[in-house]
Amino acid sequence: MKYFLSLIILFNIVFTALAQDEINYCQQSKMHQFNMLMKANQINYPGDPSYDVKYYKLDLALTYIPQNITGAVTVNAVITTNNISSVFLDLVDTLKVDSVKLNGSLTSFTHQQDKININLNTSHNSGDKINLVVFYHGIPGTSGFGSFTFGTTPINRQPAIYTLSEPYGSKDWWPCKDTPADKADSADIWITVSTEMIPVSNGNLIDIINNGNGTHTYKWKVSYPIAQYLLSLAITNYTEYVNYYNYTHTDSMPVTHYVYPENFSPSVKTQLDITPKIIKVYAQHFGEYPFIREKYGHAQFGWGGGMEHQTIASMGGFGEDLISHELAHQWYGDAVTCKDWQNIWLNEGFATYAEGVWKEAQYGKASYDNFIIQKMSNAKNAVGSIYVQDISNVGSIFDYSRSYAKGGMVLHMLRGVVGDSTFFNILKTYTYYPTVAYGVANTEDFQKVAESIYGYSLDYFFKQWIYGVNFPKYSVVWSKNSLGSGLWNLSVKISQQVNSNPAFFTMPIQIKVNLASGDTLIKVYNSAQVENFNVTINGEPLSINFDPNNWILKDVSSVVSGIEEQDIPISFSLEQNYPNPFNPVTKILYTIPASPKSSPNNRTLMTLKVYDVLGNEVAALVDEEKPAGKYEITFDGSKLSSGVYIYKLRAGEYVSSRKMLLLK
C-alpha cells in the first residue's frame, strides 16, 4: 500500500521529501496504522495455534447511517493439538458478540482483551473438525487511519466504506485468526448494503440479490487460499470499467476497475488500460497470474496510495508505479505470503523490485538501471537487518529503506550472482513451489528454492544480506606488469571497511578492464577483508571499472593505480579451505614470501586463528615466526557445532580472512 494524502497539511515537510518516490507512501501509511495499533495495545499475534483455519464466510450487513456492521462469520477449522477444550478468535472488544455456535449449537464464550474465548464443550484432539459461527454487531474499529472506515468520496462526498487491515486490523471488523501464517483455503464474502452502493470484494462475484427493502446483497467467492489481512471491502457508488488479460489466444480473464464516477475520465481510462500489459510482463517473468480463475482489478478508496488486497487492489490513484507495485503483490504477498511480519521483505522487497522488472520490459535497460540507482540510494539509509528483529516497532516492520528498497536490492544482487535466466527461473519456481505456492514462506524457504535452481549454496548471500547489517565499502588498488608476448598481469587489491555483522561481505565482483583493443570483463570472488587477485590479460590494461554494471549495493571510496611493494605484500596469500563445506576436517593453505619486512632471520611473525560469526575465537592454529614458503594446515572442527566460521591470517601488516562452512 502507499500514501495517505489527507495528511499533507499536517506532515508537509515529510511528504515533500517523499513525493519524489510514491512507493514511500506505502511505507508511510502502513507505519502510521501499525503505530496506532501498538498504542491501543490491540495486537494478538500470532493467533491461536491450536487450530488450522480452512474456510471463512463473512455474511455482513452494513449501514452508513447509523454507522453499523451486523455480521455472522463462519470459521471452519481443524484442531492441531490434543486435549483442547477451548479456542479463541481475535475481535476487538468494541464490537459486541451476540452469540456463538459450535457445530450448529449455541455454546458459551467470553469476550475480553480483544479475544473471543469459545468453549468447545468437550476435549478435542488433533484432526478434529470444528465449525464456528460468531454473531456480532457494532461500530467497527478504526485503528491506524482506519482499518475500517466510514468515509466519503473526495469530490461528490458520496458515502464510501472501505477496509485496510494490514497488519493487525482484521479483528477491528470481523472475528478471525489474525495472523498471516494461517491462510484459509477458501472464503465467501457476502455484503448487504443500500442499493445506491456497490460492494466490492475478493474473488468472483457469483450472485447479486435484491432484497426488496432498499438493500441488495453481493456474494463474492474466493476459491484460492487467502490470508486474513487480504480480505477486503470497498463500497460506494462506483463506475465499473472492464478490460481483459488474454492469457491464451482463446482465453481471457477480466480486469475490473471500480472508480469513483467523478474521477473516471479518458486519462484515468488510459492509466487503467496499462494493467493487462503489466500482468503479461509479470506472467512472463514470475509465472502465470496466480488467480487466473478469478479476476484482477482495482477498487478506488480513501487512501492516497494502495493496498494489495487479493484479486482487487484498493487504490487511491492510478499512477503506473502504484499499479505495478500492487499488481506484483498478487504473486509475492498474496499467492506467496510472508509467514510472519519479520519476513515482510518477501512481500514488499519483491513488489518493489518488480517495479524495475516492468520498467526494464517496457522502457529498456537504461530505465531499469536508473531505477536501481534510485533504490540503492534509498537502501543505503537502512538501519539494522532486513529481517525485522522487533515487530512491535513501527520503524522496523514497514521501514521503507530496509523492507522495500534494500529488500528489492537483495533480489537485484541475487540476479547478478546467478545470472538472468537462472534468476527468473528461481522466481517462477518460487511462485509455484509445492511447499509455498498459495501458502506462506520465510527467507529460508526462498533460499531453498534459489539454491535448488542455482545448484550451489547461497547461504553466505542470505546470511549477510538478510540477517546482517549495512553494505560493503570498498577501496581498490590495481597495478600491471608485462609478461611478454602481449600478455599482462593485472594485480587488484580489494579492501573493505570493517563491518559489525558480517565483518566483511562475500560477493562475486565484476571488473571491467579497459584495453586499447577493447574491453574485457573479469569476475573475482571476494571473500576476505583484504584480498589480492592476479589475472592474466591479453593486452595492456589502461584502466579498470569496479562493478561496472552496479550489481552490488556498495560504496567505493577509491579506485587507484600504482601498488608499491612496500604498500602491499602481494605474494602473501590465504586460500579457500578445502573441502568446503566440511565435516569435520578441512585443510587451509597459505603462503609467506621472503620480504624486506620480515625479521632479520627472514622469518615472519604470523597468526592463523578461527572465529565464529560473533567474533569469538574458537581455535588458534598458528602463532609463531615462520620462514618464507607455502604451508598447509589441517583444522578439525569435530568439537564445534554446524555453522559459518571465519579463519584469519595476520602477518605483519597483512591481514586476510575467509569464511568456511561446517556441516554436521
Side-chain angles (χ1 to χ4, degrees), residues 53-64 69-76 133-134 140 147-149 159-166 169-170 172-176 183-211 215-242 244-245 253-259 275 289-301 306-315 326-327 329-330 333-335 337 438:
V53 173
K54 296 299 182 181
Y55 169 76
Y56 286 124
K57 177 183 176 183
L58 283 63
D59 188 354
L60 309 175
L62 297 130
T63 58
Y64 190 84
I69 184 171
T70 300
V73 170
T74 300
V75 183
N76 290 345
V133 184
V134 178
S147 47
F148 192 103
T149 298
I161 303 171
Y162 52 88
T163 64
L164 196 164
S165 298
E166 190 181 24
S170 296
D172 282 339
W173 57 282
W174 65 285
C176 61
K183 284 185 171 181
D185 295 337
S186 61
D188 283 291
I189 305 101
W190 295 4
I191 312 164
T192 300
V193 293
S194 165
T195 54
E196 297 177 354
M197 307 174 79
I198 296 176
V200 179
S201 191
N202 316 88
N204 286 328
L205 181 61
I206 60 171
D207 200 5
I208 302 174
I209 298 174
N210 192 321
N211 301 313
T215 69
H216 54 189
T217 301
Y218 275 56
K219 295 184 176 182
W220 295 91
K221 186 170 191 62
V222 177
S223 301
Y224 295 90
I226 188 168
Q228 90 296 347
Y229 74 93
L230 295 172
L231 270 71
S232 68
L233 309 178
I235 307 167
T236 192
N237 63 329
Y238 285 119
T239 291
E240 181 180 329
Y241 170 60
V242 183
Y244 293 89
Y245 162 57
M253 178 193 73
V255 181
T256 307
H257 315 278
Y258 298 89
V259 184
T275 308
Y289 176 73
F291 308 109
I292 200 71
R293 298 195 308 272
E294 294 183 350
K295 69 173 185 303
Y296 185 62
H298 302 117
Q300 193 167 6
F301 78 150
M307 173 63 204
E308 62 271 16
H309 295 130
Q310 188 164 306
T311 71
I312 184 74
S314 297
M315 306 287 281
E326 304 305 335
L327 174 55
H329 273 307
Q330 301 302 307
D334 294 6
T337 305
Y438 299 103

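Counting begins at 1 with the first residue of the sequence.
Between Y224 and Y438, the two ring planes are parallel [angle under 30°; tilted spans 30° to 60°]. Ring-plane geometry between Y289 and Y296 is classed as perpendicular, the angle between the planes exceeding 60 degrees on a 0 to 90 degree scale with a lower cut at 30. Classification of the Y56-W174 ring pair by plane angle, with boundaries at 30° and 60°, yields perpendicular.
Nearest heavy-atom pair, C176 versus S170, reported as atom, atom and distance to 0.1 Å: SG-CB, 3.7 Å. The minimum heavy-atom distance between H309 and T163, with the atom names listed, is CE1-O, 3.3 Å. For the residue pair K295 and N204, the shortest heavy atom distance occurs at N-OD1, 4.2 Å. Nearest approach of P140 to W173, heavy atoms of both residues: CB-CB, 3.8 Å. Closest approach of A227 and T337 over heavy atoms only: CB-CG2, 4.4 Å. Between E240 and Y258, the shortest heavy-atom distance links the atoms OE1-CE2, 3.7 Å.
Atom-to-atom distance recorded for Q310:CD and E294:CD is 7.0 Å, nearest 0.5 angstrom. For the atom pair CG (D185) and CG (N76), the distance works out to 10.0 Å, reported to the nearest 0.5 Å. One distance of note links OG1 of T74 with CG of D59; it measures 8.0 Å at 0.5 Å rounding. Residue E196 holds its CD atom at 13.5 Å from CD1 of I235, rounded to the nearest 0.5 Å. To the nearest 0.5 Å, atoms CG (N210) and CD1 (I208) are separated by 10.0 Å. From I69, atom CD1 reaches atom CG of D172 across 11.0 Å, with rounding to the nearest 0.5 Å.
Every residue two or more places apart in sequence or in another chain that forms a side-chain contact (heavy atoms from CB on, under 4.5 Å) with K219 is listed here: W190, I206, D207, I209, T217.
No side-chain heavy atom of V73 sits under 4.5 Å from any side-chain heavy atom of K57. In this structure, the side chains of M197 and I161 come closer than 4.5 Å at one or more pairs of heavy atoms. Residues M307 and S232 fail the side-chain proximity criterion, which asks for heavy atoms closer than 4.5 Å. Looking at heavy atoms from C-beta onward, E166 lies in side-chain contact with E308 at the 4.5 angstrom threshold. Counting heavy atoms from C-beta on, the side chains of L233 and I191 come closer than 4.5 Å. Residues V134 and P175 are in side-chain contact: their nearest non-hydrogen atoms beyond the backbone lie under 4.5 Å apart. Looking at heavy atoms from C-beta onward, I312 lies out of side-chain contact with W220 at the 4.5 angstrom threshold. In this structure, the side chains of H257 and T275 come closer than 4.5 Å at one or more pairs of heavy atoms.
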Check step by step if side chain to side chain contact (heavy atoms under 4.5 Å, CB included) holds for I198 and T236. CA-CA 6 Å; I198 296 176; T236 192; over 6 Å; no
Candidate pair T195 and H216, rule side chain to side chain donor-acceptor pair (under 3.5 Å), full reasoning: CA-CA 6 Å; T195 54; H216 54 189; 5.7 Å; no
Side chain to side chain contact (heavy atoms under 4.5 Å, CB included) for L231 and L58? Distances and angles first, verdict last. CA-CA 10 Å; L231 270 71; L58 283 63; 3.8 Å; yes
Under the criterion side chain to side chain contact (heavy atoms under 4.5 Å, CB included), I'd like the reasoning laid out for I226 against K183: C-alpha separation, chi angles, the key distance, then a yes or no. CA-CA 5 Å; I226 188 168; K183 284 185 171 181; over 6 Å; no
As a quick check of understanding, evaluate side chain to side chain contact (heavy atoms under 4.5 Å, CB included) for V259 and H298, giving each step before the final call. CA-CA 8 Å; V259 184; H298 302 117; over 6 Å; no
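No donor-acceptor pair under 3.5 Å is formed between the side chain of S186 and the backbone N or O of Y55. Judged purely by atom type and a 3.5 angstrom limit, Q330 has no side-chain atom pairing as donor or acceptor with the backbone of A335.
Of the residues listed (F301, F148, Y238), the one engaging Y162 in a ring pair (Phe, Tyr, Trp, His ring centres under 6.0 Å) is F301, and it is the only one.
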